[in-house]
Amino acid sequence: MSTNVVTRFAPSPTGYLHIGGARTALFNWLLARQTGGKMLLRIEDTDRERSTDAAIEAIIDGMKWLGLDWDGETIYQFARAARHREVAEELLARGAAYRCYATPQELDEMRELARKESRPPRYDGRWRDLGGTQAEADAIAEGRKPVVRLKAPREGETVIEDKVQGTVTFPNKDLDDLILLRSDSTPTYMLAVVVDDHDMGVTQIVRGDDHLTNAARQTHIYQAMGWDVPAFAHIPLIHGPDGAKMSKRHGALGVDAYRALGYLPEALRNYLARLGWSQGDREFFSTDELIEAFSLAQVHRSPARFDYAKLENMNGHYMRAMDDAALLQQFLAALPYLPDGKDMAAQIDETKKRQLARAMAGLKERAKTLIELAEGARFLFARRPLAYDEKARDLLNEGGRGHLAALAPKLAALPEWTAAATEAAVRAYVAESGAKLGQVAQPLRAALTGRTTSPGIFDVLETLGREESLGRIDDAARPS
RNA sequence: GCGCCCAUCGUCUAGCGGUCUAGGACGUCGCCCUUUCACGGCGAAAACAGGGGUUCGAGUCCCCUUGGGCGCGCCA
């Protein structure tokens, strides 16, 4: 057990918590829980234009739904702007940073020129050593507002020892002098993230590999301040099913969308963890097992594609493995988020709960998601007379109705209404009529559920109860 | 364009120089079970991107090519 591990999840509240972010959060969480350390949640809201409260809410809601809790209060980065500025001032005082008066237009020209000369498009450092000169005096006289830039090393190279990527080396000449403070004197992400991670004692940074280059640049800030550089782990981004970057186009929205799709949080955690991380051939890990087994060393460096079919399959396994009462709880909790789930939720009472509990074993066997579970349970919520789907209607032909009419009195005469008793009655009828079981059971299913697929028909009879069952059978037996 | 990263079945992956005529899972396709649909069981098709090396021996190490990803903002 390593000591004092501190990880953090640091989303920017410019949108929902997307699936890649959720996985990053999961990995951070796993690491913290595994070592008995802490995971912090820090909202990176230094971009005031694009940060929204709705996004913050969505992120927190998503984290909670996924079961990823964090230690301490949620930290809002913008609230720490004064401290960030303070560090920038210190950097300035140390000569490790400087004021740059270049205008946006000049910057554009610089990039344009660099492109033309096929150099990397970067700031050329023209204000690096102009502090206190006539040029600066002129710029100030013109009323130009400077940004503060880090005086980054131009020679040599910066080496990142990454837990996932291994040793990665960047030539310093390719890293330019990043902006610490904007011309309105607000801190940038580059500065804020380093100051916060340092101040909060973060020991292990796990984030998307789109930040890999940033790690090198941020290292320069740590070095300039004489701070310890935390351990890095840059994990690959998740790609959409087509191999391209995950985007709205793939229907891959926030984690709330996965809740609405009827997935169980524990199944999603398992799936997400297995995406780009593996331990031999093993597919299933309970959350406790995940905490135990997870290791950055086994995180792959190549991006993985998101595969809904596999998630769905895994979700189905989780549903079937879960005990009925627990699954019912999950189902009830998710219902309001499911498509058309609100109507069903409104009809839930003690009777319905009892029926759902009774039917759960048969229902979960046939569902890979909670949506499918709701779909399968619809016959419990239907009111007489039932609407039959096309295939059910076909089964309720003359022959089918005949069987139902003949069967009805036998069922009605039953002293007790259980699955076993109804089964005995139906089988007895089948034997004496010479029909095949399917020829009777299928019309019965159509009559009771309005469909051709459902849980075992005798369970359906018991769940629905004598009165409702008989009523539905009578409805169907009548010629339409 | 420059820099960094990556590359085993359609997808997620096992593989860490010989045990690989490449294993598992999802998906697909058969068959079985069966009152429907599922579940489950059995089986099949399906991959080491290409080319050079190193080595007695390469999916495993090195190089190149190709292909993909990420970064290059007064965004985070």
Side-chain angles (χ1 to χ4, degrees), chain A residues 10-14 44-47 49-51 77 100 102 104 107 111 114-123 145-149 160 162 164-166 168-171 173-176 178-184 186 188-190 192-193 208-214 216-217 234 236-237 239 241 243-245 271 274-284 300-314 316 320 362-368 372 376 391 395 423 426-427 430 436-446 449 451-458:
Chain A
S12 64
T14 51
E44 312 250 297
D45 55 352
T46 50
D47 183 350
E49 296 289 302
R50 297 198 296 171
S51 298
Q77 191 160 60
C100 165
L107 259 19
R111 281 189 274 266
R115 186 167 292 277
K116 218 175 284 177
E117 295 175 356
S118 71
R119 287 180 291 111
R122 244 164 239 123
Y123 174 66
K145 294 281 187 216
V147 298
V148 174
R149 285 183 186 268
I160 302 297
D162 193 282
V164 170
Q165 305 290 332
V168 186
T169 305
F170 294 91
K173 65 176 174 53
D174 294 325
L175 271 15
D176 61 358
L178 69 265
I179 293 176
L180 266 14
L181 249 34
R182 303 188 183 95
S183 52
D184 65 0
T186 57
T188 61
Y189 157 80
M190 283 293 180
V193 73
D209 70 4
D210 50 336
H211 283 286
L212 189 56
T213 318
N214 289 340
R217 319 171 95 201
H234 289 89
L237 271 13
H239 287 183
K245 193 177 174 178
Y271 177 74
R274 271 293 281 106
L275 208 55
W277 171 81
S278 62
Q279 196 182 68
D281 282 341
R282 187 155 173 210
E283 299 282 349
F284 287 90
H300 304 172
R301 281 188 272 190
S302 52
R305 300 185 188 198
F306 197 90
D307 182 0
Y308 283 96
K310 187 150 185 172
L311 201 211
E312 199 153 293
N313 174 276
M314 187 165 263
R320 289 193 297 279
L363 252 19
K364 72 181 183 186
E365 208 63 39
R366 291 163 178 76
K368 291 200 282 291
E372 290 178 7
K391 282 185 234 159
L395 284 171
E423 175 163 7
V426 170
R427 287 196 186 274
V430 166
K436 289 197 169 179
L437 183 55
Q439 291 175 307
V440 179
Q442 279 303 89
L444 194 51
R445 188 185 313 278
T449 68
R451 316 216 217 160
T452 53
T453 74
S454 81
I457 196 61
F458 306 115

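Reminder, nothing fancy here: chain letters follow the sequence lines and each chain counts from 1. Everything quoted here is computed from the prediction, not taken from an experiment.
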What is the separation between atom [atom1] on [X] and atom [atom2] on [N], rounded to the nearest whole Å?
X	N	atom1	atom2	answer
A:Gln442	B:rU35	CD	C1'	6 Å
A:Arg445	B:rA38	CZ	P	12 Å
A:Glu312	B:rA38	CD	P	13 Å
A:Phe306	B:rG69	CZ	C1'	19 Å
A:Tyr308	B:rG10	OH	C1'	17 Å
A:Ile457	B:rU34	CD1	P	18 Å
A:Asp210	B:rC70	CG	P	9 Å
A:Lys391	B:rU36	NZ	C1'	10 Å

Look up atom [atom1] in [X] and atom [atom2] in [Y], then write down how far apart they are to the nearest 0.5 Å.
X	Y	atom1	atom2	answer
A:His211	A:Leu237	NE2	CG	9.0 Å
A:Ile179	A:Met190	CD1	CE	10.5 Å
A:His300	A:Leu275	NE2	CG	10.0 Å

With sugar-phosphate meaning primed atoms plus P, OP1 and OP2, does [X] contact a base, only sugar-phosphate, or nothing at under 4.0 Å between heavy atoms?
X	answer
A:Arg451	nothing
A:Glu44	sugar-phosphate
A:Met190	base
A:Thr186	nothing
A:Arg282	nothing
A:Ser12	sugar-phosphate
A:Gly208	nothing
A:Phe458	base

When you check the gap from the basic side-chain N to the acidic O, do A:Glu372 and A:Arg366 get nearer than 4.0 Å?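 Result for this pair is no, no salt bridge flagged.
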Checking A:Leu175, A:Leu107, A:Asp176 against A:Arg122 for side chain to side chain contact (heavy atoms under 4.5 Å, CB included), the one that qualifies is A:Asp176
With a 3.5 Å limit on both atom pairs, tell me what [N] is paired to, counting Watson-Crick and G-U wobble, or say none.
N	result
B:rA25	B:rU11
B:rU36	none
B:rG3	B:rC70
B:rC20	none

Please tell me which of the listed nucleotides, [options], lies nearest to the side chain of [X]?
X	options	value
A:Leu275	B:rC74, B:rC12, B:rA38	B:rC12
A:Asp47	B:rU35, B:rC74, B:rA76	B:rA76
A:His300	B:rU13, B:rU36, B:rA76	B:rU13
A:Ile179	B:rA76, B:rC6, B:rG73	B:rG73

Parallel under 30°, tilted from 30 to 60°, perpendicular over 60°: which one fits the rings of A:Phe306 and A:Tyr271?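 Perpendicular: the ring planes of A:Phe306 and A:Tyr271 meet at over 60°.
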Contact between A:Cys100 and A:Pro146 at the side-chain level, heavy atoms closer than 4.5 Å - yes or no?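 With C-beta onward as the side chain, the pair stays apart.
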With a 4.5 Å limit on heavy-atom distance, are the side chains of A:Thr452 and A:Leu395 in contact?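 When only atoms from C-beta onward are counted, A:Leu395 and A:Thr452 do touch, with a gap below 4.5 Å.
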On a whole-Å scale, what distance lies between the P atoms belonging to B:rC5 and B:rC9?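 Per the computed distance, 23 Å lies between those P atoms.
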Distance between P atoms of B:rC72 and B:rG59 (Å, rounded):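 Between the two P atoms, the distance is 39 Å.
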Within the stacking criterion (centroid distance below 5.5 Å, interplanar angle below 30°), does A:His211 stack on B:rA76? yes
Report yes if a donor N or O on one partner sits less than 3.5 Å from an acceptor N or O on the other, where the partners are the side chain of A:Arg305 and the base of B:rU11; otherwise report no. no
Base of B:rU36 paired with side chain of A:Arg366 (donor-acceptor, under 3.5 Å):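 A donor-acceptor contact between them is present.
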Between the protein and nucleotides 44-47 of chain B, list the N/O to N/O atom pairs that are separated by less than 3.5 angstrom.
none

Tell me, with the steps shown, if A:Leu437 and A:Val426 meet side chain to side chain contact (heavy atoms under 4.5 Å, CB included). CA-CA 8 Å; A:Leu437 183 55; A:Val426 170; 4.1 Å; yes
Using heavy atoms to find the nearest nucleotide of RNA chain B for A:Asn214 and A:Ser278 separately, return the residue whose nucleotide is more 5′. A:Ser278
Pick the nucleotide of RNA chain B nearest each of A:Ser454 and A:Pro104; which residue has the one closer to the 5' end? A:Ser454
Can you name the atoms? Protein N/O to nucleotides 2-5 of chain B N/O, anything below 3.5 Å, with the distance.
| from | atom 1 | to | atom 2 | distance (Å) |
| --- | --- | --- | --- | --- |
| B:rC5 | O2' | A:Gln165 | OE1 | 3.3 |

Evaluation steps, side chain to side chain contact (heavy atoms under 4.5 Å, CB included), between A:Arg217 and A:Phe170: CA-CA 9 Å; A:Arg217 319 171 95 201; A:Phe170 294 91; over 6 Å; no
Determine, for nucleotides 22-27 of chain B in 5'-to-3' order, which nucleotides have protein heavy atoms under 4.0 Å from the base (write B), from only the sugar-phosphate (write S), or from neither (write -). -BBBSS
